[in-house]
Amino acid sequence: MLIYTKIADIQAFLNAKRNSGQQIGFVPTMGALHQGHISLIKQAQQQGNLTICSIFVNPTQFNDKSDLERYPRTPEKDSALLEAANCDVLFMPGVEEMYPKEGKPNFDFGYLDKILEGAHRQGHFNGVAQVVKRFFEILTPHQAFFGSKDYQQVLIVKALVKQMSSPIDIVSCPILREPDGLAMSSRNVLLSPAERLIAGTIPKLMAEAKKRIHIYGIANAKDYVKQTCEAIPQIKLDYYDVCHPDTLISYADTEKPDYAIALIALFVGKIRLIDNL
Ligand code: PAF
C-alpha cells in the first residue's frame, strides 16, 4: 500500500493512473478504522476501482472541542488493517495541507443541514461539506463510498456533488453491526464495559419502536423510546424521529408509514452514538 501525506504527490500518482484508464474509488474516513470501514474498501474494490482511503480527523466538523480531543487516533493499527484489506493507497494529510488558508466556506443545503444532526451539532455539516469538497477536488475520484449509519451525511454529500456539478458517484453502503447489533462506530471503543453493554440495547430499542410504529403509530413509538431512555440513567436522548427516507422530512405523529427511516442520536455516558433503521 502506498502512503501519501502531500497533495502534490498523490495527485501526480493519480494523474498517471487516470491517464492509463484506471477507475478511482475513494473512502474518506477519520481513522480508528473498524470492519465497517473495511466493508467500504471492499465495496470500492469490487467495483473495480483503484482504492484510496483517507484518514483525516477533520477539526471543522466538530462542534464540541472535547469531542475532537477525545476522538480515537490509531494510525498504526489503521494502516495495518488497510494493508491487510489490500487497499491501494492511504492518504493522510495534515491540517495545514488540507486547510492552507484561513476561513470557512458557507454551504447552503436548505433545511437538510438544519434538522436532526444539524440541529444538535451546529456547523457539523458545513464542516463535513468543506472537507469532502476539498477531498473531491484533490482526488477527483469516479466513486466515493459512505456508510449509511451517517444517513443524513450521505444525503448532504449527494446534495454537495449536485451543487458542485460533479459526476462523482456517491455510493451508500449498509451499516455493519457488532454481534449484539450495535452499529459499528469509531466511537464504540470509547465506551466503558458497562456503557458498551447499555449501547448494545439501542438496536433492540429501535426494533421494538419499529413494531410500535406499525401497530400503534409514530407517537407511541416516540413515547416508548423517550421513556425507555429516561429509565436508564447513563442514557441521554438527543432525538428519535421517523422520517421520509428520501427527504428526511418528519412524518406526523399520527402516521403509520410503510416507507420510513427511524433515526436516533443519544449519549451513553459522554459518548454520542447514532443509528438508524
Ligand atoms: O463519516 C466520517 O467519518 C466523516 O464525516 C468524513 C466523511 C470522513 C468527513 O470527515
Side-chain angles (χ1 to χ4, degrees), residues 4 7 10 25-41 43-44 51-65 67-75 77-79 81-82 87 89-99 104-105 107 109 112-113 116-118 120-139 141 143-161 163-164 166 168-176 183-190 263 265 271-276:
Y4 291 102
I7 293 169
I10 193 164
F26 173 45
V27 179
T29 83
M30 298 204 296
L33 301 183
H34 50 70
Q35 288 308 312
H37 294 114
I38 300 303
S39 75
L40 304 182
I41 303 283
Q43 181 96 355
T51 301
I52 309 167
C53 177
S54 66
I55 295 181
F56 179 65
V57 183
N58 173 34
T60 68
Q61 71 186 73
F62 286 82
N63 56 318
D64 173 354
K65 209 166 161 257
D67 189 25
L68 171 62
E69 278 158 13
R70 190 188 301 132
Y71 202 84
R73 289 160 174 87
T74 54
K77 190 167 157 252
D78 292 347
S79 172
L81 267 176
L82 291 171
C87 180
V89 181
L90 168 57
F91 182 39
M92 295 177 86
V95 176
E96 294 288 294
E97 190 74 2
M98 286 297 282
Y99 302 130
K104 240 189 199 180
F107 294 89
F109 295 109
L112 192 58
D113 63 351
L116 302 165
E117 285 301 282
H120 288 81
R121 301 183 68 189
Q122 283 298 314
H124 169 65
F125 286 123
N126 206 68
V128 169
Q130 179 186 17
V131 77
V132 171
K133 182 168 189 266
R134 180 98 174 105
F135 274 124
F136 284 176
E137 285 168 351
I138 295 167
L139 305 171
Q143 293 187 299
F145 297 80
F146 292 82
S148 58
K149 179 172 70 65
D150 296 287
Y151 190 89
Q152 192 176 3
Q153 171 170 278
V154 177
L155 294 193
I156 290 280
V157 173
K158 285 184 175 168
L160 173 70
V161 290
Q163 287 183 12
M164 291 169 69
S166 160
I168 300 171
D169 175 25
I170 305 304
V171 185
S172 170
C173 304
I175 301 176
L176 249 69
M184 288 188 185
S185 163
S186 301
R187 293 171 195 269
N188 291 352
V189 297
L190 300 173
L263 305 108
I271 310 307
R272 191 170 182 281
L273 301 174
I274 59 173
D275 200 355
N276 64 70

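Just follow the structure's listing: the first ligand is 1, and inside any ligand the first atom is 1. Position 1 is the first residue of the sequence, and the numbers go up from there. Computation of the quantities below employed the complete heavy-atom set of this structure, encompassing side-chain atoms and omitting hydrogens, waters and symmetry-equivalent molecules.
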Which N/O atoms of ligand 1 sit under 3.5 Å from a protein N/O, and at what distances?
from: ligand 1; atom 1: 1 (O); to: Gln153; atom 2: NE2; distance (Å): 2.8
from: ligand 1; atom 1: 5 (O); to: Gln61; atom 2: NE2; distance (Å): 2.9
from: ligand 1; atom 1: 5 (O); to: Gln153; atom 2: OE1; distance (Å): 2.7
from: ligand 1; atom 1: 10 (O); to: Gln61; atom 2: OE1; distance (Å): 2.6

Under the rule for ring pair (Phe, Tyr, Trp, His ring centres under 6.0 Å), what residues qualify as partners of [X], not counting sequence neighbours?
| X | answer |
| --- | --- |
| Phe145 | none |
| Phe62 | Tyr71 |
| Tyr4 | Phe13 |

Pair Phe125 and Phe109, ring centroids less than 6.0 Å apart: no
Would you check if Asp275 and Leu263 make a side-chain contact, meaning some heavy-atom pair closer than 4.5 Å? no
Kindly indicate whether the side chain of Pro28, heavy atoms from C-beta on, has any atom under 4.5 Å from the side chain of Phe136. no
